[in-house]
Amino acid sequence: MIGRQFFDRDVHEVAVELIGAAFLVDGVGGKIVEVEAYHHEDPAAHGYRGRTERNATMFGPPGHAYVYRSYGIHWCVNFVCEPEGVADAVLIRALEPTHKLSLMRRRRGVEDERALCSGPGRLCQALAITGAHDGLALDLSFFQVAATTEKPEVVRGPRVGISRATDLPWRYGLAGSRYLSRTLRPA
DNA sequence: CACAGGATATACT
DNA sequence: GTATATCCTGTGA
């Protein structure tokens with residue numbers, strides 16, 4: 001179990017170390033295989049133009065979950081990082097399912113293991129993450145984030161689904177994983 | 001395999 | 001009104 005101090009660092013450092021870490025909500029989840037870093041000076045980041053009602057959590061203390069609605073349909077979850085007050089966060093994009101697969105299949109309505117958590121909206125549905133979790137601390141017993149002992153090989157490339165700052169290679173993935181939301185080509 | 005289109009909350013023009 | 005840190009389904013190459 002990693003504590004709050006894990007997130008008291010630069011978003012890119014945290015992003016790399018999250019690859020291979022376990023992420024469970026109420027005992028359901030898996031191994032993190034894909035994330036994206038969002039920095040406050042980055043035009044594609046929600047916090048870039050200042051605080052709003054929706055992104056207020058990003059401006060709060062590190063080690064908390066920022067959950068927002070995407071395209072009016074899906075939920076997406078971020079981990080807020082240091083420094084506090086500037087809105088730096090890591091978007092969790094994909095997991096390799098390891099815990100309670102049957103429950104995730106029921107929630108997602110699909111059988112294919114690779115479709116359970118391969119995408120930010122998908123993994124929130126599989127782990128039952130909603131706006132109710134926005135602002136919650138990641139060291140509560142409800143959320144479980146545990147770092148790996150091994151040192152996984154991390155690939156870095158351009159981010160997905162944005163039109164601004166597309167040249168920044170701030171998407172991080174576990175090399176060779178079958179559970180990425182889409183193939184990750186090194187930038 | 002590669003698209004196009006729909007669902008629809010929130011923020012910006 | 002238009003765009004978006006998405007996903008699913010349908011069509012066609």
Side-chain angles (χ1 to χ4, degrees), chain A residues 7 10-12 14-16 18-19 23 25 29-30 32-60 62 64-81 86-97 101 104-136 138 145 154-174 177-185 187:
Chain A
F7 299 99
D10 178 81
V11 273
H12 296 104
V14 175
V16 169
L18 279 176
I19 300 299
F23 178 40
V25 177
I32 298 174
V33 297
E34 183 183 345
V35 301
E36 282 178 4
Y38 284 88
H39 187 265
H40 62 280
E41 288 176 0
D42 166 14
H46 283 177
Y48 179 64
R49 285 179 213 78
R51 181 184 185 132
T52 66
E53 192 177 345
R54 176 173 71 153
N55 67 23
T57 298
M58 290 184 92
F59 290 84
H64 288 237
Y66 163 49
V67 183
Y68 70 95
R69 183 89 75 171
S70 174
Y71 291 88
I73 310 275
H74 307 281
W75 294 104
C76 297
V77 61
N78 295 246
F79 295 167
V80 179
C81 297
V86 299
D88 285 4
V90 178
L91 169 70
I92 311 303
R93 285 194 55 88
L95 305 180
E96 174 182 333
L101 294 247
M104 290 196 272
R105 285 198 170 92
R106 197 152 66 234
R107 285 171 174 167
R108 291 271 301 115
V110 296
E111 284 300 312
D112 184 5
E113 184 178 319
R114 294 208 287 170
L116 291 180
C117 301
S118 312
R122 291 173 174 182
L123 78 88
C124 282
Q125 188 181 15
L127 274 59
I129 296 172
T130 69
H133 300 92
D134 183 39
L136 294 184
L138 293 168
V145 184
V154 176
V155 202
R156 205 172 71 137
R159 293 175 292 179
V160 176
I162 57 173
S163 60
R164 317 164 64 123
T166 53
D167 54 319
L168 299 176
W170 288 353
R171 176 175 175 230
Y172 300 87
L174 179 62
S177 172
R178 304 166 56 239
Y179 299 92
L180 298 175
S181 64
R182 34 168 88 182
T183 54
L184 177 49
R185 301 185 189 291

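Chain letters run A, B, ... following the sequence lines, proteins first and then strands; every chain starts at 1.
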- Query: Listed by chain and number, what are the side-chain contact (heavy atoms from CB on, under 4.5 Å) partners of A/C124, not counting sequence neighbours?
  - Reply: A/W75, A/V77, A/I129

- Query: Among all residues two or more places apart in sequence or in another chain, which pass the side-chain hydrogen bond (donor to acceptor under 3.5 Å, both in side chains) test with A/S177?
  - Reply: none

- note: A/H46, atom NE2; B/dA11, atom C1'; distance rounded to Å ~ 9 Å

- Query: Among pairs that include at least one residue of residues 108-120 of chain A, which meet side chain to side chain donor-acceptor pair (under 3.5 Å), considering only residues two or more places apart or in two chains?
  - Reply: A/R108-A/Q125, A/E113-A/Y179

- Query: In whole angstroms, how far is the C1' atom of B/dA7 from the CZ atom of A/R69?
  - Reply: 11 Å

- Atom CZ of A/R182 and atom P of B/dC1 are separated, to the nearest Å, by 13 Å

- Item | Nearest-angstrom distance from the residue atom CZ of A/R49 to P of B/dC12 | 6 Å

- Rounded to whole angstroms, how far apart are CD on A/E53 and P on B/dC12? 12 Å

- Where A/R159 and A/A44 come nearest, the two heavy atoms and their spacing: NH2-CB, 4.1 Å

- Task: Sticking with atom P, work out how far B/dA2 lies from C/dA5, rounded to a whole angstrom.
- Result: 23 Å

- Task: Take atom CE of A/M58 and atom C1' of B/dA11, then tell me their distance rounded to the nearest Å.
- Result: 14 Å

- Query: Going 5' to 3' on DNA chain C, which nucleotide is the first and which the last to come under 4.0 Å of a heavy atom in chain A?
  - Reply: C/dT4 to C/dC8

- Note on the structure: One should report the stems of DNA chain C, each a stretch of at least three consecutive Watson-Crick or G-U pairs at distances under 3.5 Å, as B:1-7 with C:6-12, B:9-12 with C:1-4

- Message: I need the residues from residues 105-124 of chain A with at least one non-hydrogen atom less than 4.0 Å from DNA chain C; give them sorted by number, or say none.
- Response: A/R108, A/G119, A/P120, A/G121, A/R122

